[in-house]
Amino acid sequence: MRKIIIAGNWKMNKDLKESIDLASSVKRSLYDMEEVEAVLCPTFTSLGDVSDIITGTTIRLGAQDVYWERGGAFTGEISSYMLKSVGCAYCIVGHSERRQFFGETNETVNKKAKALLKEGIMPIVCVGEKLDERKAKKEFDVVKDHIVNSLKGFTREDMLRTVIAYEPVWAIGTGINATKEQAQEMHKYIRGLINGIYGEDVANAVRIQYGGSVKPENIKELISQEDVDGALVGGASLKADLFVAIVKGCL
Ligand code: PEP
């Protein structure tokens, strides 16, 4: 049985006070939520304070990126053991915005995910095709490339501690979500790829989130799909009532 996981990716939004306010509002509604795992992913500057707010609740903390070295002369970077020290249970890697604006590749995603796993932090590995790739009917090739190369060298145990987020780039921040059929089709394909590499028991245990314009209005139909195990939520995670409604919409 895969536990549903809803993660809020706050992206580069919210200063410290705003982060504290948002986390506190979410906490008021979800502090004892057992059925759905809710994860908040604020900016680096707010991780420590948000961590303090949600400690002792069922809400988990996630970061939005990491660097793969443990420490040293890498000005501006943050490592997995530093994320661990503020209480991160999860970290997003390979988000399409990082692939698009910051030169993230499958190879760097792979290094980052392995560095996280070493510290006991669960990577949320983002994969997904762009609009022109879908129009050219290359979406399965693109996602296969992301999956195979981002997860290269993962052991079975690594795979069991990894969450996949299928995020078609054309659905991120556009208001146009993938239909439940499109999401299910790709999630089933991803599970099949994992099955081919790690076998059925691992494939059946790995959680695959959908991301791209998830809202309270569409979560129910998306989560009703057999292979959709949660959501990575951008815009709607910035308002406590919307994020809480999405989490509760999974019940
Ligand atoms: C995201 O950035 O991961 C995302 C899914 O954004 P939105 O929900 O705003 O489409």
Side-chain angles (χ1 to χ4, degrees), residues 4-14 18-19 22 26 36-44 46-47 50 60-66 88 90-104 106 109 112-113 116 122-131 133-134 139 142-143 146-147 150 162-180 182-184 186-187 190 207-223 225 227-250:
I4 292 171
I5 174 168
I6 304 290
N9 173 14
W10 295 2
K11 310 194 186 190
M12 197 176 74
N13 293 294
K14 308 286 177 191
E18 292 164 343
S19 298
L22 177 53
V26 170
V36 179
E37 193 169 11
V39 183
L40 303 182
C41 304
T43 59
F44 287 133
S46 295
L47 280 172
V50 171
R60 295 283 165 261
L61 186 69
Q64 298 175 20
D65 191 28
V66 67
C88 285
Y90 291 94
C91 178
I92 300 166
V93 286
H95 191 280
S96 66
E97 287 150 18
R98 296 220 60 90
R99 291 180 189 262
Q100 184 182 351
F101 301 124
F102 303 101
E104 191 85 282
N106 292 328
V109 172
K112 290 177 178 189
L116 291 165
M122 291 177 272
I124 297 176
V125 176
C126 302
V127 303
E129 81 286 357
K130 301 191 195 89
L131 183 58
E133 293 166 335
R134 179 162 279 261
E139 66 270 32
V142 171
V143 168
H146 284 172
I147 290 282
S150 299
T162 297
V163 175
I164 306 290
Y166 168 57
E167 298 209 300
V169 180
W170 47 270
I172 297 179
T174 58
I176 303 162
N177 58 287
T179 63
K180 61 181 193 307
Q182 287 171 322
Q184 170 58 22
M186 188 58 83
H187 283 226
I190 293 170
R207 292 180 294 177
I208 307 173
Q209 297 176 303
Y210 165 78
S213 298
V214 173
K215 320 178 239 304
E217 297 77 37
N218 58 24
I219 187 64
K220 274 191 193 302
E221 61 173 27
L222 289 163
I223 207 69
Q225 300 302 294
D227 290 293
V228 176
D229 307 314
L232 182 53
V233 185
S237 72
L238 297 174
K239 292 213 166 81
D241 56 340
L242 298 184
F243 185 71
V244 169
I246 289 169
V247 171
K248 293 193 171 170
C250 297

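First listed ligand is number 1; within each ligand, the first listed atom is number 1.
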Would you kindly specify which portion of Cys126 sits under 4.0 Å from ligand 1, judged on non-hydrogen atoms: side chain, backbone, both or neither?
neither
Report yes if some N/O of Lys11 lies less than 3.5 Å from some N/O of ligand 1; otherwise report no.
yes
Are any of the N or O atoms of Gly173 closer than 3.5 Å to those of ligand 1?
yes
Around atom 1 (C) of ligand 1, find the nearest protein heavy atom and jot down its residue, atom name and distance.
His95 NE2, 3.2 Å
Using a strict cut-off of 4.0 Å, indicate which atoms of ligand 1 neighbour a heavy atom of Gly212.
5 (C), 10 (O)
For Lys220 and Gly249, indicate whether the former's side chain and the latter's backbone hold a donor-acceptor pair under 3.5 Å.
yes
Atom of Gly94, atom of Val109 and distance for their closest heavy-atom approach
CA-CG2, 3.5 Å
Closest non-hydrogen protein atom to atom 8 (O) of ligand 1, residue and atom name please, with distance?
Gly234 N, 2.8 Å
Got a donor-acceptor contact below 3.5 angstrom from the Gln182 side chain to the Thr179 backbone?
yes
Within 4.0 Å of some non-hydrogen atom of Ile172, the atoms of ligand 1 are 1 (C), 2 (O), 4 (C), 6 (O), 10 (O)
Close N or O approach (Gly235, ligand 1; < 3.5 Å):
yes
Is there a side-chain contact (heavy atoms from CB on, under 4.5 Å) between His146 and Arg99? Walk through the geometry before answering.
CA-CA 11 Å; His146 284 172; Arg99 291 180 189 262; 3.5 Å; yes
Any atoms of ligand 1 less than 4.0 Å from a non-hydrogen atom of Ala171? List them with their elements.
10 (O)
Please verify the inter-ring angle class for Tyr166 with His187; under 30° counts as parallel, over 60° as perpendicular, anything in between as tilted.
perpendicular
Take atom NZ of Lys130 as the centre, draw a 6.0 Å sphere, and report whether it contains more than 12 heavy atoms from other residues, nucleotides or ligands.
no
Show your working on side-chain hydrogen bond (donor to acceptor under 3.5 Å, both in side chains) between Trp170 and Glu129 and close with a plain yes or no.
CA-CA 8 Å; Trp170 47 270; Glu129 81 286 357; 2.9 Å; yes
For Asn9, counting its heavy atoms only, list the atoms of ligand 1 lying under 4.0 Å from any of them.
2 (O), 3 (O)
With a 4.5 Å heavy-atom cut-off, do Val214 and Ile246 have their side chains touching?
yes
Among all the protein's non-hydrogen atoms, which is closest to atom 3 (O) of ligand 1, and how far away is it?
Glu167 OE2, 2.7 Å
Which atoms of ligand 1 sit under 4.0 Å from any heavy atom of Ser213?
7 (P), 8 (O), 10 (O)
